[in-house]
Protein chains: 2
Amino acid sequence: MTMARRERLRLETIEEIKDTAWKQIGEQGAASLSLRAIARQMGMTAPGLYRYYKDRDALVTALLMDAFSSFTTSLEAGRDSCALDDHAGRFRGMCRAYFQWAMENPQRYVLLFGTPVQGYLFAEEVGPVAQRSFLVLQGVIGEAFVAGKIKGEAAALKLPTSLKVQYEALRKMGMPYTPLVTHLALSTWNAIHGLTSLFLYGYSQSFLGSQVDRFVESEIERLTMFLGLKE
Amino acid sequence: MTMARRERLRLETIEEIKDTAWKQIGEQGAASLSLRAIARQMGMTAPGLYRYYKDRDALVTALLMDAFSSFTTSLEAGRDSCALDDHAGRFRGMCRAYFQWAMENPQRYVLLFGTPVQGYLFAEEVGPVAQRSFLVLQGVIGEAFVAGKIKGEAAALKLPTSLKVQYEALRKMGMPYTPLVTHLALSTWNAIHGLTSLFLYGYSQSFLGSQVDRFVESEIERLTMFLGLKE
DNA sequence: ATATATAGTTTACACTGTAAACAGTGTAAA
DNA sequence: TTTACACTGTTTACAGTGTAAACTATATAT
């Protein structure tokens with residue numbers, strides 16, 4: 001049995017709301033997202049939206065989760081642009097996808113990794129979705145590690161025991177791969193995020209002008225070398 | 001001749017406005033900064049504030065510049081906790097100061113490096129003030145470089161010519177130190193910012209729990225080694 | 001055909017930033 | 001010392017926001 005008509009319309013409306021919200025975010029930035037404006041553009045009144053989302057935060061949460069989904073998909077696509085045994089290529093591909101997605105969806109990226117919109121933490125249902133994108137990164141490094149391709153400085157890294165304990169605890173809770181892999185993944189994540197966000201906020205650009213891409217490429221290369229995936 | 005009485009009172013009021021604003025930002029976050037609330041707390045009416053700041057953005061800009069100032073001062077203090085010839089120590093000290101300042105002033109940090117509050121770019125008068133903090137970082141690396149203390153991987157880094165050209169253009173415009181130094185400084189900045197902001201937004205914490213400090217310390221150490229300042 | 005769940009509107013309230021007109025006060029020039 | 005003016009603030013007003021409550025229309029289920 002296919003979906004009931006009611007249900008279908010409801011889902012369509014939800015999609016329309018989100019689409020309209022994204023359009024506004026794309027045009028005016030995430031900070032000034034307005035329920036009333038969304039309703040107006042959809043040809044309905046503002047309180048009507050409350051049939052679909054409890055409040056403004058709930059809508060933002062939904063947008064957040066969709067954005068994470070799209071982000072993760074892009075990372076995976078970047079990764080899969082290279083063969084399974086081309087660990088360096090997969091790593092580079094993923095890094096490039098990361099930066100490029102952020103370039104193409106600046107407001108979305110800001111929504112994910114920028115200032116928490118109003119209060120502090122976002123809703124807990126976001127956690128798992130957010131972790132999925134991290135797991136892609138960790139997976140790339142992890143697969144390289146099990147293939148024995150992590151070498152040099154990164155492989156020789158000596159973790160403080162307290163950190164190791166923490167990573168092992170994570171592992172017991174289902175986190176895949178060894179402590180070293182988790183550590184390297186976190187470290188790499190920090191690096192790429194720093195690179196991306198300082199650029200998005202216009203800081204790097206004032207130094208690098210049109211050469212941002214080169215800089216990003218050279219940083220990706222540095223990370224690849226640090227992990228020992230190349231040379 | 002000392003300042004006229006009028007002028008003095010005016011400056012005091014400006015200070016009170018900013019203090020009140022910071023208090024609110026500290027309590028409720030930067031996003032929900034309200035002129036009316038500030039005025040209320042100061043025992044005056046909202047439109048009165050417009051005698052001191054053109055609009056909300058102008059106030060935010062002023063806050064931003066103060067925050068940058070405080071941030072830069074902290075970086076300098078961290079740096080100067082070690083002797084002039086202890087380049088590794090000065091670098092570590094500055095990095096720690098960076099992270100610690102962000103920990104102690106999360107909202108302030110978010111204001112500086114987080115989502116641009118409403119539109120996109122902030123006022124141009126902020127630029128120079130922002131650069132000052134970067135120059136501290138660059139200075140530490142630059143001084144180590146002229147002392148011949150940058151070694152290993154970092155020293156051997158091969159810059160793409162187009163990037164080099166860009167850095168040299170910056171230098172002609174007054175940026176101190178060589179292209180390599182500028183590049184390393186930018187790269188390091190990215191790393192520390194990534195580290196800091198992912199933590200502030202709660203991402204790292206979900207992985208690292210109470211071990212964040214260890215992680216940060218280990219990352220600082222990694223950067224120190226990358227620059228060749230140690231070993 | 002009737003009962004009920006859902007979708008939406010109307011109205012209302014408390015909040016925001018900010019423009020315009022006005023009043024009181026300190027300062028400076030005649 | 002009186003007159004002019006600049007400065008600081010208030011009052012009032014308007015357009016915008018999120019959202020709660022009451023109500024209405026409509027689609028579905030019985």
Side-chain angles (χ1 to χ4, degrees), chain A residues 1-21 23-25 27-64 111 115-119 122-123, chain B residues 1-21 23-25 27-64 111 115-119 122-123:
Chain A
M1 229 269 270
T2 169
M3 216 181 319
R5 179 181 156 74
R6 255 295 185 46
E7 198 106 0
R8 213 192 61 226
L9 287 180
R10 176 159 242 277
L11 291 186
E12 282 178 18
T13 308
I14 287 186
E15 281 311 305
E16 193 185 344
I17 294 175
K18 291 198 288 196
D19 285 355
T20 318
K23 204 177 339 170
Q24 285 198 14
I25 288 180
E27 286 163 4
Q28 317 194 14
S32 58
L33 179 67
S34 152
L35 289 188
R36 289 188 114 105
I38 293 172
R40 210 176 304 137
Q41 187 152 354
M42 289 179 62
M44 66 186 281
T45 57
L49 293 177
Y50 284 74
R51 294 281 159 198
Y52 300 90
Y53 292 103
K54 185 185 149 290
D55 55 18
R56 194 175 173 280
D57 285 11
L59 171 57
V60 171
T61 300
L63 295 175
L64 216 54
L111 197 60
T115 312
V117 178
Q118 74 296 5
F122 33 46
Chain B
M1 229 272 268
T2 169
M3 216 181 322
R5 180 183 156 73
R6 261 276 186 62
E7 198 108 359
R8 213 192 60 226
L9 287 180
R10 176 160 241 277
L11 291 185
E12 283 178 17
T13 308
I14 287 185
E15 281 310 306
E16 193 185 344
I17 294 175
K18 291 198 287 196
D19 286 355
T20 318
K23 205 178 338 173
Q24 285 198 15
I25 288 179
E27 286 163 5
Q28 318 194 16
S32 59
L33 179 67
S34 152
L35 288 189
R36 289 189 114 105
I38 293 172
R40 212 178 302 137
Q41 186 152 356
M42 288 178 62
M44 67 187 282
T45 57
L49 293 177
Y50 285 73
R51 295 284 159 200
Y52 300 90
Y53 293 103
K54 185 185 150 291
D55 55 17
R56 194 174 173 280
D57 285 11
L59 172 57
V60 170
T61 301
L63 295 175
L64 216 53
L111 197 61
T115 313
V117 176
Q118 73 296 6
F122 32 45

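The shown structure was predicted, so the numbers you read here are calculated from the model rather than taken from an experiment. Computation of the quantities below employed the complete heavy-atom set of this structure, encompassing side-chain atoms and omitting hydrogens, waters and symmetry-equivalent molecules.
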Nucleotides 26-30 of chain D: which of its N/O atoms have a protein N/O under 3.5 Å away?
none

Write down the protein N/O and nucleotide N/O pairs, taken from nucleotides 18-20 of chain D, whose separation is under 3.5 Å; answer none if there are no such pairs.
unit_1: D:dG18; atom_1: OP1; unit_2: A:Leu35; atom_2: N; d: 2.5
unit_1: D:dG18; atom_1: OP2; unit_2: A:Leu35; atom_2: N; d: 3.3
unit_1: D:dG18; atom_1: OP2; unit_2: A:Arg36; atom_2: N; d: 3.0
unit_1: D:dG18; atom_1: N7; unit_2: A:Arg36; atom_2: NH1; d: 2.4
unit_1: D:dG18; atom_1: O6; unit_2: A:Arg36; atom_2: NH1; d: 2.8
unit_1: D:dT19; atom_1: OP2; unit_2: A:Tyr50; atom_2: OH; d: 2.7
unit_1: D:dT19; atom_1: OP2; unit_2: A:Arg56; atom_2: N; d: 2.8
unit_1: D:dT19; atom_1: O5'; unit_2: A:Tyr50; atom_2: OH; d: 2.9
unit_1: D:dT19; atom_1: O4; unit_2: A:Arg36; atom_2: NH1; d: 3.3

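Per the geometry, CE belonging to A:Met42 stands 12 Å off C1' belonging to C:dG8, to the nearest Å. We find that CD1 of A:Ile14 is positioned 11 Å from P of C:dG8, with the value rounded to whole Å. When the P atom of D:dT8 is taken as reference, atom CD of B:Glu12 falls 13 Å away, rounded to whole Å. Atom CD of A:Gln41 is separated from atom P of D:dT17 by 12 Å (rounded to the nearest Å). The separation between B:Met44 atom CE and C:dA23 atom P is 19 Å, rounded to whole Å. Between A:Ile38 atom CD1 and D:dG16 atom P the separation is 16 Å, expressed in whole Å. What separates CG of A:Leu49 from P of C:dT10 is a distance of 14 Å, to the nearest Å. Taking atom CD1 on A:Ile17 and atom P on C:dG8, their separation rounds to 8 Å, with Å as the unit.
For A:Tyr52, no side-chain nitrogen or oxygen approaches OP1 or OP2 of C:dT6 to under 4.0 Å. Of the side-chain N and O atoms in B:Arg40, one or more sit less than 4.0 angstrom from OP1 or OP2 of C:dT16.
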**OP:** Kindly determine whether B:Lys23 and B:Glu27 satisfy salt bridge (Lys or Arg N to Asp or Glu O under 4.0 Å), including the steps that lead there.
**Re:** CA-CA 6 Å; B:Lys23 205 178 338 173; B:Glu27 286 163 5; over 6 Å; no
Original post:
Does the side chain to side chain contact (heavy atoms under 4.5 Å, CB included) test come out yes or no for B:Ile14 and B:Tyr53, once each step is laid out?
Top reply: CA-CA 9 Å; B:Ile14 287 185; B:Tyr53 293 103; 3.3 Å; yes
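Residues A:Ser34 and A:Ala37 share a closest heavy-atom pair of OG-N, 2.9 Å. The two residues B:Ile38 and B:Gln24 make their nearest non-hydrogen contact at N-NE2, 3.3 Å. Residue A:Ser32 comes nearest to A:Gln28 through the heavy atom pair OG-O, 3.2 Å, listed as atom of the first residue, atom of the second, then distance.
For the atom pair CZ (A:Arg51) and CE (A:Met44), the distance works out to 10.0 Å, reported to the nearest 0.5 Å. Atom CG in B:Leu111 sits 5.0 Å away from atom CG in B:Leu64 (nearest 0.5 Å). Note that CZ of A:Arg40 is 11.0 Å distant from CG of A:Leu35, once rounded to the nearest 0.5 Å.
Heavy-atom nearest nucleotides on DNA chain C were determined for B:Arg51 and for A:Thr13, and the one closer to the 5' end corresponds to A:Thr13.
Using a 4.5 Å heavy-atom cutoff, the side chains of A:Lys18 and A:Glu15 are in contact. The shortest side-chain heavy-atom distance between A:Arg56 and A:Leu33 falls under the 4.5 Å cut-off.
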Original post:
Could you spell out the base pairing of DNA chain C in dot-bracket, with Watson-Crick or G-U pairs whose two distances are under 3.5 Å, [ ] crossing and | to another strand?
Top reply: |||||||||||||||||||||||||||||.
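At a threshold of 4.0 Å, the pair A:Glu7-A:Arg10 does not count as salt-bridged, since none of the basic side-chain nitrogens sits closer than that to a carboxylate oxygen.
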